[in-house]
Amino acid sequence: YYFMYVGCEMVFGGWIASYALGMGITTHQGSASYLVSLFYFALTTGRILSIFAAVYISNMLLIRFTLCSCFICCFVNIFISSLSYESLCVACCLAGAFMNPLGFTIPNDYGYKLSPTTATLALLGGALGETFLPPMVGLAMHAGGLTLLPIFVFLIVLCYIVLYYILHKLLKHDNAP
């Protein structure tokens, strides 16, 4: 799960400037860099808002809401991100704002304690995702073109949603009376 989650964040944030320049959406490096900043600002803002939202709604509902929202936003981004610089700004904001669910609460939601080993494995998965997914996507875009970036981001989000639901079902089944 964290391999895909952190990898997706790094793929989008790491390649969006190259995408904007390579697709001719902008010709200015400053404008392309602004997109990266916009994405990470929205990501940070989404995480902060999630903290406050978690006071009022359950962790599970919050994670499901952000996963579904991220899925929809990334699907829409496939179609709008190449239209104009402004549409790409919107795409960066939407992707960043909803690409924020952290599932460290998942075991706790089912009565399991998050052990140091489990936390370490989750962080290792995230580190491996941020190490391997961006170069893999870069190689694929080199071979198939920059237009593949929104599709890859969507597919990675789809993978981590599927992994979340598999984890959810396994923990729910394992904790059944």
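Values in this document were obtained by computation on a predicted structure and should not be read as measured data.
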_Heavy-atom count check: over 12 atoms from other residues, nucleotides or ligands less than 6.0 Å from Y40 OH?_
yes

*Any salt bridge (charged side-chain N to carboxylate O under 4.0 Å, His left out) pairs touching residues 137-164, not counting sequence neighbours?*
none

*With the side chain counted from C-beta on, respond yes when Y5 and M10 share a heavy-atom pair under 4.5 Å apart, and no when they do not.*
no

*Compare all side-chain heavy atoms of Y34 with those of F41 and state whether any distance is below 4.5 angstrom.*
no

*Return the set of residues passing side-chain contact (heavy atoms from CB on, under 4.5 Å) with S37 (not counting sequence neighbours), or none when no residue passes.*
none

*L38 side chain near C93 side chain, heavy-atom distance below 4.5 Å*: yes

*Mind checking the OG-CZ spacing from S87 to F79? Nearest 0.5 Å is all I need.*
13.5 Å

Under 3.5 Å, side-chain donor or acceptor atoms of residues 17-33 against the rest of the protein: list the pairs with distances, not counting sequence neighbours.
residue, atom, partner, partner atom, Å
Y19, OH, S81, OG, 3.1
T26, OG1, H28, N, 3.3
S33, OG, Q29, O, 3.0

*Atom pair CZ/OG of F65 and S50 - distance to nearest 0.5 Å*: 9.0 Å

_Steps toward side-chain contact (heavy atoms from CB on, under 4.5 Å) verdict (Y160, M99)_ = CA-CA 11 Å; Y160 81 68; M99 201 180 288; 3.6 Å; yes

*Under the ring pair (Phe, Tyr, Trp, His ring centres under 6.0 Å) rule, collect the residues that match up with F71, sequence neighbours excluded.*
F154

*What's the spacing between I166 CD1 and I161 CD1 if we round to 0.5 Å?*
12.0 Å

*Check side-chain hydrogen bond (donor to acceptor under 3.5 Å, both in side chains) between T131 and all other residues, then give those that pass, not counting sequence neighbours.*
none

*Is there side-chain contact between L35 and F39, with at least one heavy-atom pair below 4.5 Å?*
no

*Taking the side chain as every heavy atom from C-beta outward, state whether V137 and I156 have any atom pair closer than 4.5 Å.*
yes

*Nearest heavy-atom neighbours spanning V157 and C74*: CG2-SG, 3.8 Å

*Could you work out the complete set of other residues in the hydrophobic cluster of I48, with links drawn between I, L, V, M, F, W and Y side chains under 4.5 Å apart?*
F52

_Value rounded to 0.5 Å, distance of CG in L155 from CE in M4_ = 9.5 Å

*Just jot down the side-chain contact (heavy atoms from CB on, under 4.5 Å) partners of C73, sequence neighbours excluded, or say none.*
L94, F98

*Does the side chain of Y164 come within less than 4.5 Å of R64's, by heavy atoms?*
yes

*Taking only residues at least two apart or on different chains, which pairs with a member in residues 9-18 satisfy salt bridge (charged side-chain N to carboxylate O under 4.0 Å, His left out)?*
E9-R47

_Inter-residue atom distance L133.CG - F12.CZ, 0.5 Å rounding_ = 15.0 Å

*For residues N77 and V153, determine if any side-chain heavy atom of one lies less than 4.5 Å from a side-chain heavy atom of the other.*
no

*Side-chain donor/acceptor of W15 to backbone N/O of L149, under 3.5 Å*: no

*Can you list the residues that meet the side-chain contact (heavy atoms from CB on, under 4.5 Å) rule with L49, with sequence neighbours excluded?*
T45

*Intermediate values then yes/no, side-chain contact (heavy atoms from CB on, under 4.5 Å), L123 and Y2*: CA-CA 7 Å; L123 292 173; Y2 288 103; over 6 Å; no

*Closest approach of I63 to T66 (non-hydrogen atoms, all atoms of both residues)*: O-OG1, 3.1 Å

*Could you tell me which non-hydrogen atom of S58 sits nearest to which non-hydrogen atom of L61, and how far apart they are?*
OG-N, 3.1 Å

_Non-neighbouring partners of I72 that pass side-chain contact (heavy atoms from CB on, under 4.5 Å), sequence neighbours left out_ = V76

*asked:* Just verifying a value: how many Å separate C89 SG and I16 CD1, rounded to the nearest 0.5 Å?
replied: 9.5 Å

